[in-house]
Enquirer: 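This structure is in structure tokens; I'll ask about it shortly.
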Amino acid sequence: MIYYLAPLSDTPSWGLAILYNHVHMLQANGINACIVKEGPQRSPAWMEIKVPFCTVGNFRKEVCATDTVIVPEVMINFEGLKKIKARKILFLQAGCFLFQNMPAAETHLSLGFYHVWIIMPHMKAIVEKHLLLPYSMIPPFVAPYFFAENVSAVRKKQVLMFPKFQQIDYLLVKHIVLQHINKNNQPFIKNLFNDSNWQIKELQHLSHQQVATEMKRSAFFVSLNVFEALNTAVIEAMAAGCVVFCYEGFGPRDYLMNNENAIVFKNNEAYQLAEQVCEWIDHYGTSQQQVKSIQQKAVATASAYSQSATQKALLRFFEKAK
């Protein structure tokens, strides 16, 4: 049996959804797997797929040495984890949380982990230097409903921003761009510029599918996240055909190419990023050839993160682990 420990959360999270999708893929291929969590034994309301569940109490009674337990890095403080005799795999989806909940005086080795799953190439060095454990790449995937059917379709003059982290540079970029938009929308200025009537839309209080809809019809997406392994929102916006403005981040360096599939800045270069967004707003109508080129390369980049690639890597791992 393969058990996936999962945090209890009603907040939409693609990292959490990946755990559920793994279980769904394994079950569909005849491999017994389930989600272990506290609370209601059902998928969160925002998640479409249905998977088997196991209560924490039953898990503690049933788990044995021949089973496999997948532990997300945020759950290494799971009570009694060290005493569980099953094969334990650390699932590293975001390197920044690697030591967040580490129990005092413990290491991943002392907690009994025998293997690590990573999602991006840059994480290999982290595991080799700090965990001293063998690892396998189980790549993430972009939900299919994010991919634009026609990237060159007429786009809404809308700048999407995702206020996931309350960073000071988020407010800085937002208000510089907003002030520029408001200036251009004044009656006198509108007679001089064709590209007026832009707006900023913050992606909050939306389902994953609603975010996908907004991305597929919007021109620009701005991300100021600097530390996630994948930065799912960036690769989703690329799949949707947005022109993405973002920091090089931590993990996104694995797939970002400045002025090819996105507009990329050094981390925390907030003023430069904001000024470029304003410049692209002013010249959007006369830059459609460049826009289309970036859109096409962005979608091609995102296409590598497919559901089938994730399933193939997952099944290959357990086939070798027999």
Side-chain angles (χ1 to χ4, degrees), residues 2-9 11 13-26 33 35-37 67-79 81-82 84 86-104 106-143 164-165 225-236 248-256 267 304-307 309-318 320-321:
I2 302 168
Y3 296 96
Y4 278 73
L5 302 187
L8 181 63
S9 175
T11 303
S13 161
W14 190 239
L16 179 59
I18 288 290
L19 304 180
Y20 282 67
N21 274 280
H22 275 206
V23 171
H24 189 263
M25 291 172 184
L26 291 170
I35 293 288
V36 178
K37 73 179 183 79
D67 293 328
T68 299
V69 181
I70 312 301
V71 185
E73 74 271 26
V74 296
M75 295 199 71
I76 57 174
N77 60 345
F78 182 80
E79 186 178 354
L81 179 64
K82 189 173 182 176
I84 295 172
R87 297 182 300 175
K88 284 173 279 193
I89 297 174
L90 179 69
F91 190 9
L92 189 56
Q93 292 196 78
C96 57
F97 298 129
L98 180 56
F99 300 105
Q100 184 182 38
N101 295 324
M102 176 66 74
E106 298 286 1
T107 67
H108 293 89
L109 280 169
S110 70
L111 289 172
F113 288 102
Y114 90 102
H115 204 87
V116 182
W117 283 352
I118 59 176
I119 66 169
M120 298 292 287
H122 75 274
M123 303 172 91
K124 295 176 183 178
I126 295 171
V127 175
E128 290 171 349
K129 292 178 181 178
H130 302 293
L131 299 189
L132 306 177
L133 288 166
Y135 57 86
S136 298
M137 177 88 71
I138 309 293
F141 70 92
V142 178
K164 185 175 182 179
F165 306 104
N225 190 330
V226 298
F227 59 83
E228 286 195 89
L230 173 67
N231 198 347
T232 307
V234 164
I235 203 74
E236 288 171 343
E248 62 184 359
F250 188 45
R253 296 177 196 178
D254 287 339
Y255 62 85
L256 290 176
N267 291 343
Y305 297 89
S306 67
Q307 195 166 2
T310 300
Q311 178 171 292
K312 184 178 180 180
L314 192 61
L315 296 178
R316 184 170 58 242
F317 175 86
F318 283 111
K320 289 182 178 179

Enquirer: Assess whether side chain to side chain contact (heavy atoms under 4.5 Å, CB included) is satisfied between L132 and T107, documenting all intermediate values.
Expert: CA-CA 10 Å; L132 306 177; T107 67; over 6 Å; no
Enquirer: Using the side chain to side chain contact (heavy atoms under 4.5 Å, CB included) rule, take T232 and V142 through it: C-alpha gap first, then chi angles, then the decisive distance, then the call.
Expert: CA-CA 8 Å; T232 307; V142 178; over 6 Å; no
Enquirer: Can you confirm whether R87 sits close enough to H115 that some side-chain heavy atom of one is under 4.5 Å from a side-chain heavy atom of the other?
Expert: no
Enquirer: One pair to check against side chain to side chain contact (heavy atoms under 4.5 Å, CB included): E248 and V226. What are the steps and the verdict?
Expert: CA-CA 7 Å; E248 62 184 359; V226 298; over 6 Å; no
Enquirer: Atom CG of L90 and atom CZ of F113: how far apart are they, to the nearest 0.5 Å?
Expert: 5.0 Å
Enquirer: Considering all heavy atoms of both residues, which atom of T310 and which atom of P139 are nearest to each other, and what is their separation?
Expert: OG1-O, 2.8 Å
Enquirer: Can you tell if the side chain of K37 reaches within under 4.5 Å of the side chain of P7, non-hydrogen atoms only?
Expert: no
Enquirer: Are M123 and Y135 close enough that some pair of their side-chain heavy atoms sits under 4.5 Å apart?
Expert: no
Enquirer: Apply side chain to side chain contact (heavy atoms under 4.5 Å, CB included) to residues I89 and V69 and explain how you reach the verdict.
Expert: CA-CA 6 Å; I89 297 174; V69 181; over 6 Å; no
Enquirer: Say whether, by atom type as modelled, one donor and one acceptor occur between the side chain of D254 and the main chain of H122 under 3.5 angstrom.
Expert: yes
Enquirer: Measure across A6 and I35 and return the closest heavy-atom pair with its distance rounded to 0.1 Å.
Expert: CB-CG2, 3.7 Å
Enquirer: Please answer whether the main-chain N or O of T68 pairs with a side-chain N or O of K88 as donor and acceptor at a distance below 3.5 Å.
Expert: no
Enquirer: With no hydrogens and no angle check, do the side chains of Y4 and H22 hold a donor and an acceptor under 3.5 Å apart?
Expert: yes
Enquirer: Can you name the nearest heavy-atom pair linking V116 to V127, along with the distance?
Expert: CG1-CG2, 4.0 Å
Enquirer: Would you confirm whether N267, through its side chain, and G249, through its main-chain N or O, come within 3.5 Å as a donor-acceptor pair?
Expert: yes
Enquirer: Side-chain contact, heavy-atom cut-off 4.5 Å: I126 with I118?
Expert: no
Enquirer: Do you know which two heavy atoms are closest between A313 and M137, and how far apart they sit?
Expert: CB-O, 3.8 Å
Enquirer: I need the minimum non-hydrogen distance between D67 and A86, along with the two atoms involved.
Expert: O-CB, 3.3 Å
Enquirer: With rounding to the nearest 0.5 angstrom, report the CG to CG distance, L26 to L315.
Expert: 6.5 Å
Enquirer: Can you find a heavy atom in the side chain of F78 that is under 4.5 Å from one in the side chain of V71?
Expert: no
Enquirer: Measuring from atom CD1 of I18 to atom NE2 of H24, what distance do you get when rounded to the nearest 0.5 angstrom?
Expert: 13.5 Å
Enquirer: When rounded to the nearest 0.5 angstrom, what is the spacing between CZ in R253 and CE in M120?
Expert: 12.0 Å
Enquirer: Check whether the side chains of S110 and E106 place a donor and an acceptor atom closer than 3.5 Å, and report yes or no.
Expert: yes
Enquirer: So how far is it from Q93 CD to W117 CH2, rounded to the nearest 0.5 Å?
Expert: 10.0 Å
Enquirer: Quick check: closest heavy atoms across H108 and I76, and the distance to 0.1 Å?
Expert: NE2-CD1, 4.0 Å
Enquirer: Can you find a heavy atom in the side chain of E128 that is under 4.5 Å from one in the side chain of L133?
Expert: no
Enquirer: Drop me the distance from I70's CD1 to I2's CD1, to the nearest 0.5 angstrom.
Expert: 6.5 Å
Enquirer: Step through it carefully: locate the ring centre of F141, locate the ring centre of W14, and say whether they are under 6.0 Å apart.
Expert: yes
